[in-house]
Amino acid sequence: MIDVKDFDLGLSFESGQPLTFHADYSRKGHVESLTYSTISGEIRIRSMARGRSTRVYAIGKGYSCAAAEEEVVRRFGLDEDLGRIYARMNTDPFMERAIAEMAGMRLTRNDPWETTLCFIISQFNNIKRIRLIVGNMKGAFGEKVALDDGRPIRLFPRPEALARAGLGKIRACGTGFRDRYIQNAAREWIARPWLAELSKLPYDEAKEALLELDGIGDKVADCILLFGYGKREAFPIDTWIKRIVEHVYFNGRRKRVEQIHRFADRRWPGVQGYAQQYLFWFGRQSKVG
DNA sequence: ACCCAGGCGGGCG
DNA sequence: CGCCCGCATGGG
């Protein structure tokens, strides 16, 4: 059992973050459950709010109890002190409301390759269709494995499988024009093994390395750094965030992306990624901008 | 039948 | 440089 402050499982799971794993979520009263598969098996979480703290039980198939808990802590960033992060984010009334409404929303930590693929697919696309395409790609290229109960599942496609796949077969998953970005990224992932190790580099250098890949621009690179490499100083700027920041902090005046980056870096140093996620989801839910 | 979706790369002025 | 356009595809 893990006892954490400031954790809302459903909000963390359903806040538009790249859940690269297949998962089933449900809520009955104040008890939430989430089941998802991993490379090593399957994790089942039950979470129960008790005042300001939440009790989280994790059971894993193919995991010891301790290993399952460790996986959940890592995956949902439960080792990060949200109270301290909120104190640094809370610079104004709008952010204060976002924090109050979205209390307990965590930034998830995902596999770097899986995150890269998801966000290459995300460009000029919508969340629902991103999930559809990723699902298709698992079916076409993901390794088949059986869980303990014999149920077959498909793992996330590895770069090796996509590097040798034809563009036509990739495109058949619904990727559209992104097919060559995907094939190229898979090949580069193999040719440049250090791409898997970018969390060791400072944010700027890691971003530079990602930007060399075709189909990865400023926004996608920041998403990969934030959700795949745990770089909390990344501040992905998509159409939503741009509108929201312009509306809330610039009186509706249009700003260039570079200016918004500078603004966020100065205002929320070190916690830009959390600020972005809270502005993004709160702003979207309440239709700001 | 439209219109849009968590951008990016290339081409033009 | 800064801006603008086309881009595949499924769902509203």
Side-chain angles (χ1 to χ4, degrees), chain A residues 11-20 98 102 105-110 112 114-140 162 165-188 207-229 231-232 234-248 253-262 264 272-289:
Chain A
L11 199 46
S12 307
F13 174 63
E14 295 185 311
S15 50
Q17 297 189 47
L19 291 173
T20 59
M102 304 285 126
M105 180 167 63
R106 297 275 171 171
L107 286 178
T108 58
R109 293 172 181 274
N110 300 278
E114 297 180 5
T115 310
T116 299
L117 186 54
C118 283
F119 278 104
I120 286 175
I121 293 169
S122 80
Q123 64 173 90
F124 195 47
N125 217 336
N126 58 59
I127 294 178
K128 195 165 192 173
R129 223 172 75 80
I130 296 164
R131 296 203 176 115
L132 172 72
I133 295 170
V134 170
N136 291 342
M137 295 193 69
K138 282 185 184 175
L162 293 172
L167 285 179
K169 202 177 168 200
I170 295 175
R171 186 174 282 224
C173 298
T175 61
F177 61 90
R178 310 164 192 82
D179 54 354
R180 62 194 178 85
Y181 298 152
I182 292 168
Q183 188 193 56
N184 178 256
R187 291 179 176 169
E188 291 299 334
K207 186 168 181 177
E208 218 172 297
L210 287 175
L211 288 174
E212 286 180 24
L213 300 189
D214 207 18
I216 297 186
D218 180 75
K219 188 268 177 182
V220 166
D222 273 330
C223 282
I224 298 170
L225 289 165
L226 182 56
F227 298 113
Y229 293 97
K231 298 290 184 195
R232 300 323 194 196
F235 190 86
I237 302 175
D238 62 17
T239 52
W240 288 90
I241 273 292
K242 187 164 181 296
R243 266 205 316 275
I244 292 165
V245 170
E246 286 165 350
H247 181 260
V248 176
R253 297 174 59 103
R254 306 293 300 272
K255 293 290 165 189
R256 312 240 324 278
V257 165
E258 269 320 306
Q259 289 180 268
I260 296 182
H261 272 305
R262 278 199 297 275
Q272 292 97 320
Y274 278 95
Q276 189 271 358
Q277 181 64 24
Y278 278 70
L279 289 176
F280 172 74
W281 198 242
F282 177 64
R284 259 187 89 141
Q285 300 299 85
S286 49
K287 306 196 190 321
V288 171

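Owing to the predicted nature of the structure, the values given are computational and were not obtained by experimental measurement. Here is the naming used below: chain letters follow the sequence lines, and residue numbers restart at 1 for every chain.
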Quiz item: Tell me, what's DNA chain B's dot-bracket, Watson-Crick or G-U with both distances under 3.5 Å, | for other-strand, [ ] crossing?
Solution: .||||.|||||||

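- In this structure, A:Ser122 does not reach the B:dG7 phosphate: none of its side-chain N or O atoms is under 4.0 Å from OP1 or OP2.
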Between the protein and nucleotides 9-12 of chain C, which nitrogen or oxygen pairs are less than 3.5 angstrom apart?
from	atom 1	to	atom 2	distance (Å)
C:dT9	O2	A:Arg129	NE	3.1
C:dG12	OP1	A:Lys128	NZ	3.3

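- Distance CZ (A:Phe177) to P (B:dG9): 11 Å, rounded to an integer number of Å.
- When each of A:Arg284 and A:Tyr181 is assigned the nucleotide of DNA chain B bearing its nearest heavy atom, the one mapping closer to the 5' terminus is A:Arg284.
- Counting any heavy atom pair closer than 4.0 Å across all strands shown, A:Gln277 reaches no nucleic acid atom.
- Put simply, the residue from A:Arg254, A:Arg253, A:Lys255 that forms a salt bridge (Lys or Arg N to Asp or Glu O under 4.0 Å) with A:Glu246 is A:Arg254.
- Here CG of A:Asn184 is found 11.0 Å from CG of A:Asp179. Values are rounded to the nearest 0.5 Å.
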So which protein N/O to nucleotides 1-4 of chain C N/O distances come out below 3.5 Å?
from	atom 1	to	atom 2	distance (Å)
C:dG2	OP2	A:Arg256	NH2	3.2

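- For A:Phe282, the ring pair (Phe, Tyr, Trp, His ring centres under 6.0 Å) partners two or more places apart in sequence, or in a different chain, are A:Phe94.
- Using a 30° and 60° split on the angle between ring planes, A:Tyr274 and A:Tyr278 fall in the tilted class, from 30° to 60°.
- Remark: nothing in residues 209-216 of chain A comes within less than 4.0 Å of DNA chain C through any heavy atom.
- At the heavy-atom level, A:Phe119 lies nowhere under 4.0 Å from the strands shown.
- When rounded to the nearest whole Å, the span between CD1 of A:Ile224 and P of B:dG7 equals 14 Å.
- To the nearest angstrom, P of B:dC8 lies 15 Å from CG of A:Asn184.
- The residue A:Asp218 sits close only to the backbone: its heavy atoms come under 4.0 Å of sugar-phosphate atoms, none of a base.
- Rounded to a whole Å, the CD1 atom of A:Ile120 is 10 Å from the P atom of B:dC8.
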Cut-off 3.5 Å, no hydrogens considered: what does the side-chain donor-acceptor table look like for residues 209-228 of chain A, sequence neighbours left out?
from	atom 1	to	atom 2	distance (Å)
A:Glu212	OE1	A:Arg192	NH1	2.8
A:Asp214	OD2	A:Arg180	NH1	3.3
A:Asp218	OD1	A:Lys207	NZ	2.8
A:Asp218	OD1	A:His261	NE2	3.4
A:Asp218	OD2	A:His261	NE2	2.9
A:Asp222	OD1	A:Tyr203	OH	2.5
A:Asp222	OD1	A:Lys207	NZ	3.4
A:Asp222	OD2	A:Lys207	NZ	3.0

